[in-house]
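Here's the structure we're looking at; comments come further down.
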Amino acid sequence: MPNTNGGRGPRTVALVGPYGSGKTTLLESILFATGAIQRKGAVAQKNTVGDASAEARDRQMSVEVNCATTKFMDESYTFLDCPGSIEFLQDTLNVLPGIDAAVVVCEPEPAKMQMLKPYLKRLADLHIPHFLFVNKIDKAGGALRDLLEALREVSDTPLLVRQLPVVEGGAVIGFVDLALERAYVYRKGTAAELVDITDKDAEKTERFAMLEKLADYDEHLMEELLSDIEPPRDEIFADLSRELADGLIVPALLGSGEGDHGVERLLKALRHEVPGVEKAASRLNLQSGTDTIVTILKTYHSSHGGKLSLARVMGGTLKDSAVLHTAEGGDARVGGIFALKGQTQTKLAEACVGDTVALGRLEGVATGAMLSSPKKVPAKAKVEQLTPVYRLAIEAADRKDEVKLTAAIGKLREEDPSLHFDQNAELQEMALEGQGEIHLKVAVEKLQSKYDLKLNTHRPRVPYKETIRRSATQHGRHKRQSGGHGQFGDVVIDIKPLPRGSNFVFLDQIKGGVVPRQWIPSVEKGVVEYLKSGPLGFPVVDVSVALVDGSYHDVDSSDAAFQTAARIAMQEGMPNCSPVLLESIMHVRIHVPSEATAKVNQVVSGRRGQLMGFDAREGWKGWDTVEAQMPLSELSDLIIDLRSLTQGVGTFEMAFDHLAELTGKLADQVVATRKAAA
């Protein structure tokens, strides 16, 4: 929607923050305050504009980005309500390149401040202007000073206190705006009431502290303060706007989405201080001009409405049916332009620079893609891609649905790139990989409800291996006569263990042609075929097999006969080589707030892990990285423990390190389970 009042044009603001902080409720309050809705919904009543999907409403939590466009004082604003659970963080990361600012929503509880770190850290690293909105302030308990101190600890960018709470009877009933030097008292269902400032000394002290922080980046303002000159209000607001846009400060505001308190002041701060789309375009290294440039922030697939691509117009004007070019050299035709308000779509003839809209039927265009009218398409933004931390085996209940399942998962991955799909031939298992238990449960529910698939899920199998400790020599003969040509293959092999990591070596030590050259590869084939499942039932590694002797028949010997003879020799010889189970040992790096480090060390030890040490996490103030070596079999639900210890923000990454012997009761249980399954 074009800007009509000479302001900064349409702006897009992300609402981010941890689960339970009230982002969806705040969005509802914003839409109500701006007249976009006539009646507020509630998360508990499952009737909000955001969280409209069945999966979100069943859990009363956001599971994907929700979009709503509204107008405030004749300017267009699109709000992106981002999921709070860390398991859906990828959706937030995907939209960040296209936004003008973010509002980080939090609860007024100092103990929960570490939950903000994953958001504040990434916003600061990407130089995205952001506010803090302390929500539920009318239910706050304790001193605000403790809260602000906790906020300062988790924000790498200096915190700027913009409002002081007005407290009566131990409850926050209003606020003092330090920039305007005005006090307001909250009124239910109507605008806050302007009142006199009662504690003028506290207001002057905190206001001076705010101005000092602004003056850190403005020499003229510093000179005014040192000379006891009251700076003009316009100068203060200009500094607030500039320093926010440059990522030098994080203004902190107070309010309550449920009570509609402080929401109008938040909107006015967004209007006056958030830069226009030009700033976001410069972060993407886009040149200003008339060329149409679009970045794709999110992909939606509905069972009936097809594909919608949430897009920000970063340059030019976009018209319906326009043909845009992709970085891969292809073309994409826009099949409809829509303004979104949750699941409500309003068709538009065009979208102007700065607008965030949904585009229909952009087939072959993925989340994160950049499209443009000139064929030289700008490079897309580099978006952090989260690595999987949880795995769930999945299969179609009816085998004839396997192709349908694969296609549906492809669409699901278009919506959510942090979802991975793995088809493991060794385990004969398909699996989804993602960011946690709820993440994958939601994915399965979507597959079942949206694509009408009946699915079975179970805990993934662990890819054990086996090897041998002793050597053995074994004779293997295959002889069969059934009329006409028979079958004859005769081999003698030496089986020996190899050092860990050597995998498999085949040696030809035949002398005198007792096994002709053309049958020697057949012997190797038979050996390799057997090694897929050794005496314990698992793939065999770190073994050397040498063909040392044998015999053949001029007529009856064949490729198949020598393969069979080799398998017989292996089948009879391997049990005599002291087979032993091997398990994968992974190098694990666990990232958690420092106060959880000691508990994490206990978790590692309790999962047969070996601690390698810990250190401060690079670039993350107040966090540690614990390094350990842990068996893969102990990692399937590690993320659940980490999240419960860290208010949902802990995570880890792993890489294969080596194979190690597994003996005793655990090994016996693994082998018994494998034999029972076979």
Side-chain angles (χ1 to χ4, degrees), residues 1 9-14 16 64-67 69 76-80 82 90-102 122-123 126-129 274-300 307-320 322-340 348 350-385 414-418:
M1 299 173 210
R11 274 160 286 180
T12 295
V13 178
V16 306
E64 63 184 353
V65 166
N66 290 276
C67 175
T69 297
S76 175
Y77 293 85
T78 297
F79 291 92
L80 303 179
C82 298
Q90 189 68 59
D91 243 28
T92 302
L93 299 179
N94 292 340
V95 304
L96 294 184
I99 66 173
D100 299 311
R122 289 169 169 94
L123 290 169
L126 294 170
H127 307 291
I128 294 174
V274 170
V277 67
E278 298 80 10
K279 190 75 173 180
S282 70
R283 290 199 302 271
L284 297 175
N285 297 315
L286 301 178
Q287 303 298 318
S288 60
T290 59
D291 292 337
T292 301
I293 302 174
V294 172
T295 183
I296 306 301
L297 308 179
K298 167 73 179 171
T299 302
Y300 300 98
K307 178 179 176 180
L308 279 180
S309 301
L310 185 67
R312 183 93 194 270
V313 182
M314 307 303 292
T317 299
L318 179 65
K319 295 184 181 297
D320 196 3
V323 175
L324 299 175
H325 303 292
T326 68
E328 294 74 26
D331 292 338
R333 181 181 293 275
V334 176
I337 303 175
F338 307 92
L340 295 183
L348 305 173
E350 66 177 26
C352 299
V353 61
D355 283 336
T356 295
V357 292
L359 306 180
R361 300 193 297 277
L362 287 183
E363 300 306 326
V365 176
T367 299
M370 196 76 78
L371 307 173
S372 72
S373 54
K375 289 192 174 182
K376 187 177 181 182
V377 180
K380 67 180 183 180
K382 291 182 179 179
V383 175
E384 177 187 353
Q385 297 299 315
E414 280 191 332
E415 290 187 301
D416 181 2
S418 70

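At a threshold of 4.5 Å between non-hydrogen side-chain atoms, the residues Ser372 and Asp291 do not count as touching. Leu308 has its side chain out of reach of Leu359: every pair of non-hydrogen atoms, C-beta onward, lies at least 4.5 Å apart. Val294 has its side chain within reach of Leu318: a pair of non-hydrogen atoms, C-beta onward, lies under 4.5 Å apart. Between Leu93 and Arg122, the closest side-chain pair of non-hydrogen atoms falls below 4.5 Å.
Legend: residues meeting side chain to side chain contact (heavy atoms under 4.5 Å, CB included) with Lys380, ordered by chain and number and at least two apart, are Met370. With sequence neighbours excluded, the residues that form a side chain to side chain contact (heavy atoms under 4.5 Å, CB included) with Ile128 are Leu96, Ile99, Leu123, Leu126, Arg283. The side chain to side chain donor-acceptor pair (under 3.5 Å) check on Thr78 picks up Thr69, with sequence neighbours excluded. Take Asp320 and apply the side chain to side chain contact (heavy atoms under 4.5 Å, CB included) test, not counting sequence neighbours, and it matches Val334, Ile337, Lys347. The side chain to side chain donor-acceptor pair (under 3.5 Å) test applied to Lys307 returns no partner, not counting sequence neighbours. Scored by the side chain to side chain contact (heavy atoms under 4.5 Å, CB included) test, Arg361 finds Glu363 as partners (sequence neighbours excluded).
For the pair Pro10 and Asp355, the tightest heavy-atom approach, listed with the atom from each and the gap, is CG-OD1, 3.2 Å. Of all non-hydrogen atoms in Thr367 and Glu414, the two that sit nearest each other are OG1-O, 3.3 Å. Nearest heavy atoms, Pro417 versus Asn94: CD-ND2, 3.6 Å. Between Val313 and Cys352, the closest heavy-atom pair is CB-O, 3.5 Å. Shown here for Val16 and Cys82, the closest heavy-atom pair between the two residues is CG1-SG, 3.9 Å. Annotation for Val365 and Ala332: closest pair CG2-CB, 3.8 Å, computed over non-hydrogen atoms.
The side chain to side chain contact (heavy atoms under 4.5 Å, CB included) test with Thr12 singles out one residue from Thr356, Val274, Val95, and that residue is Thr356.
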Practice task
Determine, stepwise, if the pair Lys298 / Glu415 fulfils salt bridge (Lys or Arg N to Asp or Glu O under 4.0 Å).
Solution key: CA-CA 7 Å; Lys298 167 73 179 171; Glu415 290 187 301; 5.5 Å; no

Practice task
Would you please test Leu340 and Val357 for side-chain contact (heavy atoms from CB on, under 4.5 Å) and show each step?
Solution key: CA-CA 7 Å; Leu340 295 183; Val357 292; over 6 Å; no

Practice task
Would you sort out whether Asp416 and Gln90 count as a side-chain contact (heavy atoms from CB on, under 4.5 Å), showing the intermediate values?
Solution key: CA-CA 7 Å; Asp416 181 2; Gln90 189 68 59; 4.3 Å; yes

Problem - Trace of the side-chain contact (heavy atoms from CB on, under 4.5 Å) decision for Leu310 with Tyr300 - result: CA-CA 8 Å; Leu310 185 67; Tyr300 300 98; 4.1 Å; yes

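From Ser418, atom OG reaches atom CG of Asp91 across 7.5 Å, with rounding to the nearest 0.5 Å. To the nearest 0.5 Å, the span separating CZ on Arg11 from CG on Asp100 amounts to 7.5 Å. Summarising the geometry, atom CE belonging to Met314 is positioned 9.5 Å from atom CD belonging to Glu278; distances are rounded to the nearest 0.5 Å. The line from NE2 of His325 to OG1 of Thr292 is 10.5 Å long, rounded to the nearest 0.5 Å. One finds the CD1 atom of Ile293 at 9.5 Å from the CG atom of Leu284 (value rounded to the nearest 0.5 Å). Atoms CZ and CG, from Arg312 and Leu80 in turn, are 9.0 Å apart once rounded to the nearest 0.5 Å.
With 3.5 Å as the limit, one finds no donor-acceptor pair spanning the side chains of Thr299 and Ser309.
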